[in-house]
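For reference, the structure is listed below as structure tokens.
Values below: all heavy atoms of this structure, side chains included; hydrogens, waters and symmetry mates excluded. All of these numbers come straight from a predicted model, not from anything done at the bench.
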Amino acid sequence: MLDESPEAALLPCIRFRRSVFPRSYVDRAVERATVDRLLEAAMWAPFHGPRPPWRFVVLGRSAMVEMQELTLDFYDKNWREVGWCSGK
């Protein structure tokens, strides 16, 4: 007889999980419903303390590019003053 409990259904997911690195990413859009389900699942992650530690920011492609440009601009303006290792 098959064990159809939620725990039995979860076990293969845990056994076959894997890390995914940028070189393995696919160049296609992810549906909004998929992102929403992933975020909902992530909110169930265990935490320690009075407040959940997670914060999510979801950026579309254009917002991601804008954020990268802002970050690079910030480093260009500020990194020269501080240097790689200021010794402070």
A quick test of your reading: do over 12 heavy atoms of other residues, nucleotides or ligands sit less than 6.0 Å from [atom1] of [X]?
| X | atom1 | value |
| --- | --- | --- |
| Phe74 | CZ | no |
| Glu66 | CD | no |
| Met64 | CE | yes |

Open item on the list: Measuring from atom CG of Leu38 to atom CE of Met43, what distance do you get when rounded to the nearest 0.5 angstrom?
Closed with: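 These two atoms lie 11.0 Å from each other.
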
Open item on the list: Working to the nearest 0.5 angstrom, can you tell me the gap between Leu39 CG and Trp44 CH2?
Closed with: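 Spacing of CG (Leu39) from CH2 (Trp44) equals 15.0 Å.
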
Task: Working for side chain to side chain contact (heavy atoms under 4.5 Å, CB included), residues Asp36 and Arg32 - done: CA-CA 6 Å; Asp36 289 344; Arg32 175 64 188 256; 3.1 Å; yes

TODO: Check whether Leu59 and Leu70 end up in the same hydrophobic cluster, where Ile, Leu, Val, Met, Phe, Trp and Tyr are linked by side-chain heavy atoms less than 4.5 Å apart.
DONE: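 Looking at the clustering, Leu70 is in a separate group from Leu59.
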
TODO: Kindly say whether Val20 contributes a backbone atom to a donor-acceptor pair with the side chain of Ser24 at under 3.5 angstrom?
DONE: no

